[in-house]
Structure formats: structure tokens, C-alpha cells
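As the structure is a computational prediction, the values presented were derived from the model and not from experiment.
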Amino acid sequence: MIIAVDGPAASGKGTIARALAKRYGLPHLDTGLLYRAVGLTVLREGANPENEAHAMAAVDFDEALFDDPELRGDEAGRAASQVSAHPLVRAALLNRQRKFARQPGGAVLDGRDIGTVIAPEAEVKLFVKATPRIRAQRRHAELQRRGSFVSFDKVLADIRERDARDMARATAPLKPADDAVLLDTSFLSIDAAIQRAVALVEARTAAAA
Ligand SMILES: Nc1ncnc2c1ncn2[C@@H]1O[C@H](COP(=O)(O)OP(=O)(O)O)[C@@H](O)[C@H]1O
Ligand SMILES: Nc1ccn([C@@H]2O[C@H](COP(=O)(O)OP(=O)(O)O)[C@@H](O)[C@H]2O)c(=O)n1
């Protein structure tokens, strides 16, 4: 079974994807980390994430970056959004994600274009959302826990800017697949959001059986 979990920044898609992977014994890929790794590599080279050639020079990034705490920071998130708008960068990362999705037994992937581009054949597609303000509160608290003291206003502005860029890009824009189920987590606790997601998976798989 392939489960695609898409949605904007800090909507809770990673939390839900990890919980579903655990529950169904499936491997999980956070595809945002790939774009973050490219973005962070460009920044560390002193290059420009908005320049497609500079971003392409970073697609063979060092895998050790997955353990680097800066990868989860706000600078890496912004750079990720910038490099991810380049069609050549998306194409360079496509096969790795498709291969992961199509491994025997299935997988859970979260990102922006899993249900639309990476795995349009996924049995279950969730599109997780929450209001920008609530997402900013969650991300702000998360960054503080990680020791990064960026202001709430900056986090909110960043989220709005990333939403706009991710939705407006020509290649694989952020949008729900036609057959995705929407899951608004704005007023759900983490446990309640996971319960809803499990119920949606069960409903989809029961309908398909
Ligand atoms: N339903 C929820 N209620 C409160 N906090 C949440 C909820 N879902 C996720 N979070 C918290 O919000 C932050 C962002 O969640 P995450 O799953 O990483 O989002 P995304 O993968 O969409 O960026 C994390 O600190 C997470 O623990
Ligand atoms: N499948 C994906 C995943 C991420 N991305 C880009 O990578 C950026 C960072 O993604 P992320 O999932 O790590 O970000 P958060 O939602 O965790 O803040 C996003 O803003 C997107 O621009 C993408 O274009 N396609």
C-alpha cells in the first residue's frame, strides 16, 4: 500500500506520515528533507538557491546532511522552497522518490507533490492543512525547542511566503490531488489528527477491498 501525505509547511503531515508508517509497518520518506539538503548545500557553498545552475550543482548532496540539525531550521526551509521551484532540480530528485514509493509492500511518503506527481497511483492520498497562524505557532514552538529563537512574526511571514511560492510554481505546485481526502488539523490534537488519518486510511482500503 502506498500512502501519500501532502500539505503545506507545519500542517502536521510529517507527524501523521510517521504515525501511519509505524501503524502499518511501512517505510517512510520525508521528501522535504531532500529539497532541504539541496537548499542547505547551496547556502553552504555561498551560492544562490534561486539560480537553477547553482541548485543543480547541489543535487548530489552529502547524505550525512540528514543528521545535521540545521537541515530542520528555517533557513534550510526557505532555501528548500527556492531550489524546489526549479524543474531540473525536481526532475533530478524524482527517481529516488518514485523508487522509494514503489518498493515491494509499499511506503508512506510526505511532501507537496506525492499524490499528484510522485505516486499518482497511491491507494490513499491525504492532504493535510491548518490555518497559517496555527501552523506558524506550531513551527515557532518547534524552532524554540530546537534552540532557534526566531520571532513568531518572522515564522508566519516565512510560512506565507513559502505557501505562495509552492502553490504558484509551474512544476508540481502544492495542491491536493483530485482524489485526495482533506484533513484539517487546525483544531485537532496530535492524537486526534492521527486517529482521523487512520480512520481515513481504513475507509479508503475498505472501499477498495
Ligand atoms: N495536530 C497538531 N496539534 C499540535 N501540534 C502539532 C499537530 N501536528 C503536528 N504538530 C506539531 O507541529 C510541528 C510541525 O509538525 P510536522 O508534522 O513536522 O509538520 P509538517 O511535516 O507538515 O511540516 C511539530 O512540532 C509537531 O509536533
Ligand atoms: N515533495 C516536496 C517536498 C518539499 N518541497 C519543498 O521543500 C520545502 C521544504 O519542505 P518540508 O516538507 O521540509 O517543509 P515543512 O513542511 O516541514 O516546513 C517546501 O516548502 C517545498 O518548497 C517540495 O517542493 N516538494
Look only at the side chain of Arg90 and the backbone of Ser84, and say whether a donor-acceptor pair between them is shorter than 3.5 Å. yes

Check Val89 against Ala55 and note the closest heavy-atom contact, atom names and distance. CG2-CB, 3.7 Å

Any donor-acceptor pair under 3.5 Å from Arg36 side chain to Gly73 backbone: yes

Backbone of Ala172 reached by a side-chain donor or acceptor of Arg169 within 3.5 Å: yes

Side chains of Val117 and Thr171, heavy atoms from C-beta outward: is any pair under 4.5 Å? no

Thinking salt bridges, do Asp179 and Lys125 make one under a 4.0 Å N-O criterion? yes

Do you know which of Glu142, Arg138, Gln144, Gln137 makes side chain to side chain contact (heavy atoms under 4.5 Å, CB included) with His140? Gln144

Hphob cluster co-occupancy, Leu26 + Val5, side-chain heavy atoms under 4.5 angstrom: yes

Identify the two heavy atoms, one from Ile194 and one from Ala19, that lie closest to each other, and give their separation to 0.1 Å. CD1-CB, 3.6 Å

Check for a donor-acceptor pair, side chain of Thr131 on one end and backbone N or O of Ile134 on the other, with a separation under 3.5 Å. yes

Taking every heavy atom of Glu121 against every heavy atom of Ile2, the minimum-distance pair comes out as OE2-CD1, 3.8 Å

What distance do Leu34 atom CG and Leu71 atom CG have between them, rounded to the nearest 0.5 Å? 9.5 Å

By side chain to side chain contact (heavy atoms under 4.5 Å, CB included) - contacts of Ala21 (at least two apart): His28, Val108

Using a strict threshold of under 4.0 Å (side-chain N to carboxylate O), is an ion pair present between Arg44 and Asp68? yes

Is the backbone N or O of Val42 less than 3.5 Å from a side-chain atom of Glu45, with the two atoms forming a donor-acceptor pair by type? no

Looking only at heavy atoms, which two atoms of Asp158 and Asp74 are closest? And how far apart? OD2-O, 4.1 Å

Over all heavy atoms of both residues, which pair between Thr185 and Ser11 is shortest? Give the atoms and the distance, please. OG1-O, 2.8 Å

Polar side-chain atom of Asp113 near backbone of Thr116 as donor-acceptor pair, under 3.5 Å: no

Is a side-chain donor or acceptor of Gln82 paired with a backbone partner of Gly39 at a separation under 3.5 angstrom? no

According to a hydrophobic-cluster definition based on side-chain heavy atoms being under 4.5 Å apart (Ile, Leu, Val, Met, Phe, Trp, Tyr only), do Tyr35 and Leu88 belong together? yes

Run the numbers on Phe127 and Leu174 for side chain to side chain contact (heavy atoms under 4.5 Å, CB included), then give the verdict. CA-CA 10 Å; Phe127 192 88; Leu174 168 65; 3.7 Å; yes

Sub-4.5 Å side-chain heavy-atom contact between Asn95 and Lys99: no

Under the 3.5 angstrom rule, does the side chain of Ser148 hit a backbone N or O of Leu143 as a donor-acceptor pair? no

Answer with yes or no whether the hydrophobic clustering places Leu200 together with Ile3; edges join I, L, V, M, F, W, Y residues whose side-chain heavy atoms lie under 4.5 Å apart. yes

Grouping I, L, V, M, F, W and Y whenever their side-chain heavy atoms are under 4.5 Å apart, do Val128 and Leu182 come out in a common cluster? no

Is Thr41 reaching over with its side chain to a backbone N or O of Phe61, donor-acceptor style, under 3.5 angstrom? no

Using a strict threshold of under 4.0 Å (side-chain N to carboxylate O), is an ion pair present between Arg78 and Glu50? no

Per the salt bridge (charged side-chain N to carboxylate O under 4.0 Å, His left out) rule, which among Lys129, Arg112, Arg135 passes with Asp163? Arg135

Please assess Glu70 against Leu40 for the test side chain to side chain contact (heavy atoms under 4.5 Å, CB included), listing each intermediate value before the final yes or no. CA-CA 8 Å; Glu70 258 189 69; Leu40 190 56; 3.8 Å; yes

Can you give me the closest heavy-atom contact between His86 and Pro49, atom names plus distance? NE2-O, 2.9 Å

Can you see whether Arg165 engages Ser81 through a side-chain donor-acceptor pair at a distance of less than 3.5 angstrom? yes

Working to the nearest 0.5 Å, report the span between CG of Leu156 and CZ of Arg133. 5.5 Å

Tell me yes or no: between the side chains of Ser186 and Asp184, is some donor less than 3.5 Å from an acceptor? yes

Quick check: is Phe100 connected to Ile118 through a chain of hydrophobic side chains (ILVMFWY, heavy atoms under 4.5 Å apart)? yes

I want to check something: taking the side chain as every heavy atom from C-beta on, are Leu183 and Ile16 in contact at a cut-off of under 4.5 Å? yes

Got a donor-acceptor contact below 3.5 angstrom from the Asp166 side chain to the Pro173 backbone? no

Within 6.0 Å of CZ in Arg98, more than 12 heavy atoms from elsewhere: yes

Answer yes or no: is there a side-chain heavy-atom contact under 4.5 Å between Gln97 and Ile114? yes

Within-4.5 Å side-chain heavy-atom neighbours: Arg72 and Arg146: yes

Quick one, Leu126 and Leu20 - any side-chain contact, counting heavy atoms below 4.5 Å? yes

